[in-house]
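What follows is a set of notes on a single structure, which appears directly below.
Every chain is numbered from 1, with letters handed out A, B, ... down the list of sequences. Treat the numbers as computed from the prediction; the structure is a model and nothing was measured.
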Protein chains: 2
Amino acid sequence: MEYIEAKEKFISTWGSLGSLWGINKAMAQIQALLFISTKPLSMEDIMHDLKISRGNTSMNLRQLMDWGIVTKVLVSGERKEFFTTEKDVQELARIVAKERSRREIKPVIKVLEEVSSIKDDGTEKTKELIIQTKALKDLTDDLDTLMNKLVNQKQNWLTKSVLKLMK
Amino acid sequence: MEYIEAKEKFISTWGSLGSLWGINKAMAQIQALLFISTKPLSMEDIMHDLKISRGNTSMNLRQLMDWGIVTKVLVSGERKEFFTTEKDVQELARIVAKERSRREIKPVIKVLEEVSSIKDDGTEKTKELIIQTKALKDLTDDLDTLMNKLVNQKQNWLTKSVLKLMK
DNA sequence: TTAAACTTTCAATAATTATTGAAATTTTGT
DNA sequence: ACAAAATTTCAATAATTATTGAAAGTTTAA
């Protein structure tokens with residue numbers, strides 16, 4: 001497999017995987033492109049390389065910056081803006097985990113809390129609703145806590161955690 | 001909040017959260033409905049309750065059964081089929097984690113492996129592609145291993161793991 | 001201050017994904 | 001073996017989501 005084929009394979013796989021870590025295809029592809037680039041890229045570079053429109057590039061770059069995954073860099077002597085992504089995979093995972101917790105998990109926990117604390121009217125179905133949503137709330141809470149714990153251990157958190165659980 | 005409102009809130013929240021755990025809205029809503037039901041439900045019950053078509057109900061029930069989340073139960077004296085879902089949240093999490101690993105994560109690891117093992121032609125961009133996809137492969141591998149480790153500890157795995165990591 | 005370079009916005013459109021519903025198929029009781 | 005009951009299939013359609021591209025807006029160099 002040659003460079004160009006490998007590059008395309010990586011970008012398209014990462015793009016279609018976007019849903020797994022909660023972002024859309026174009027966003028994931030832009031991030032992938034920056035991730036394997038040896039230098040910062042301009043909007044022009046990105047739109048030509050990925051064959052997507054200027055508008056699309058602009059919107060998705062902004063989203064990536066909102067997530068904190070991509071940052072603008074100034075290239076001296078250049079008028080246009082250049083972009084780069086976090087290159088350390090562990091730091092990347094940390095950012096993604098934090099954002100998903102904040103954007104998706106925390107709000108769900110809140111709803112589960114509300115639902116599980118309705119008044120028990122004594123009927124079987126109400127009891128079941130309360131019991132089950134409470135259990136789901138506790139599980140989600142635990143998973144969220146675990147994820148944030150993992151992710152806040154800076155140095156080699158993953159390897160350390162895996163080792164801990166293995167023994 | 002009354003039962004009916006709480007029930008609807010739970011089902012719609014869980015439904016829109018489907019994407020978080022990798023299934024579609026109808027699938028997630030059917031699972032949610034079964035999850036808080038005190039007894040197995042028929043296809044008829046489900047389609048009326050969620051106001052979705054017979055075809056949709058049938059297809060999504062089959063998918064839930066493929067995932068191993070929902071099972072058919074025989075109700076004596078009844079001709080039609082009844083369905084129920086796994087009621088234990090930890091077991092549910094275990095099933096979901098296993099399936100996502102198998103369906104999504106493992107295939108990605110395979111691609112990353114292929115891409116990261118292309119021939120190093122000495123150019124800087126090829127070196128970068130190899131380094132970065134290798135790092136991503138290692139991370140994904142570690143996360144997958146960690147997830148499966150967590151999920152294979154039957155009794156109270158989550159609480160135990162969280163405690164372990166906290167100290 | 002001006003105009004070229006660059007970026008953003010957003011209504012229109014395209015692409016994708018989910019849902020319907022009726023016909024075909026399968027299952028079951030008699 | 002038959003027909004009623006139940007389920008599945010799938011082409012058509014609807015709903016959702018992503019993308020375009022051109023106009024509007026912003027920045028910068030001279």
Exercise. Side chain of A:Asn148, backbone of A:Asp144: donor and acceptor closer than 3.5 Å?
Worked result: yes
Exercise. Are A:Glu5 and A:Lys9 ion-paired here, with the side-chain N under 4.0 Å from a carboxylate O?
Worked result: no
Problem set entry | d(CG, A:Asn60; C1', C:dC10) in whole Å | 15 Å
Exercise. Is there side-chain contact between A:Arg54 and A:Met59, with heavy atoms separated by less than 4.5 Å?
Worked result: no
Problem set entry | Residue A:Arg62, side-chain heavy atoms: nucleotide from C:dC6, C:dT8, D:dT19 that is nearest | C:dT8
Exercise. Looking only at side chains, do A:Gln31 and A:Trp14 share a donor and an acceptor under 3.5 Å apart?
Worked result: yes
Exercise. When you measure from the side chain of A:Lys25, which nucleotide among D:dT8, D:dT19, C:dT9 comes out closest?
Worked result: D:dT19
Seminar exercise, completed: Taken to the nearest whole Å, CG/A:Asp45 to P/C:dA5 is 17 Å
Which pairs, protein N/O on one side and nucleotides 22-30 of chain C N/O on the other, fall under 3.5 Å?
unit_1	atom_1	unit_2	atom_2	d
C:dT28	O2	B:Arg79	NH2	3.1

For this session: Measure from CD on A:Glu44 to P on C:dC6 and round the result to the nearest Å.
Result: 7 Å
Exercise. When you look at CZ of A:Arg103, are more than 12 heavy atoms from neighbouring residues, nucleotides or ligands closer to it than 6.0 Å?
Worked result: yes
Seminar exercise, completed: With five pairs defining each end axis, the helix from C:dT1-D:dA30 to C:dT30-D:dA1 comes out bent, to 10°, by 20°
Exercise. Looking at C:dT19, D:dT8, D:dC10, which one has an atom nearest to any side-chain atom of B:Met59?
Worked result: D:dC10
Seminar exercise, completed: Of A:Phe83 and B:Met27, the one whose closest nucleotide on DNA chain C sits nearer the 5' end is A:Phe83
Exercise. Checking A:Ser53 side chain against A:Asn56 main chain: does a donor-acceptor pair fall under 3.5 Å?
Worked result: yes
Seminar exercise, completed: Separation of D:dT27 atom P from A:Leu74 atom CG, nearest Å, is 14 Å
Do any side-chain atoms of residues 63-76 of chain A form donor-acceptor pairs under 3.5 angstrom with protein atoms, and if so which ones, sequence neighbours left out?
unit_1	atom_1	unit_2	atom_2	d
A:Lys72	NZ	A:Glu81	OE2	2.9

For this session: Starting at atom CG of A:Leu50, determine the distance to atom P of D:dT20, rounded to an integer number of angstrom.
Result: 10 Å
Exercise. Just wondering, are more than 12 heavy atoms of other shown residues or ligands nearer than 6.0 Å to NZ in B:Lys39?
Worked result: no
Exercise. Of the candidate nucleotides C:dC6, D:dT20, C:dT20, which contains the atom at the shortest distance from the side chain of A:Lys80?
Worked result: C:dC6
Seminar exercise, completed: In whole angstroms, the gap separating C1' of D:dT19 from CD1 of A:Ile30 amounts to 12 Å
Exercise. Rounded to the nearest Å, what distance is computed from the NZ atom of residue A:Lys72 to the C1' atom of nucleotide C:dC6?
Worked result: 11 Å
Exercise. Do B:Lys80 and B:Asp45 meet the salt-bridge criterion of a basic N to acidic O distance under 4.0 Å?
Worked result: no
Exercise. Out of C:dT19, D:dT20, C:dT7, which nucleotide sits closest to the side chain of A:Glu81?
Worked result: C:dT7
Problem set entry | Protein-nucleotide distance (B:Asn56, atom CG; D:dA12, atom P), rounded to Å | 19 Å
Problem set entry | Whether over 12 other heavy atoms sit under 6.0 Å from B:Glu2 CD | no
Exercise. Looking at D:dT7, C:dT8, C:dT19, which one has an atom nearest to any side-chain atom of B:Met43?
Worked result: D:dT7
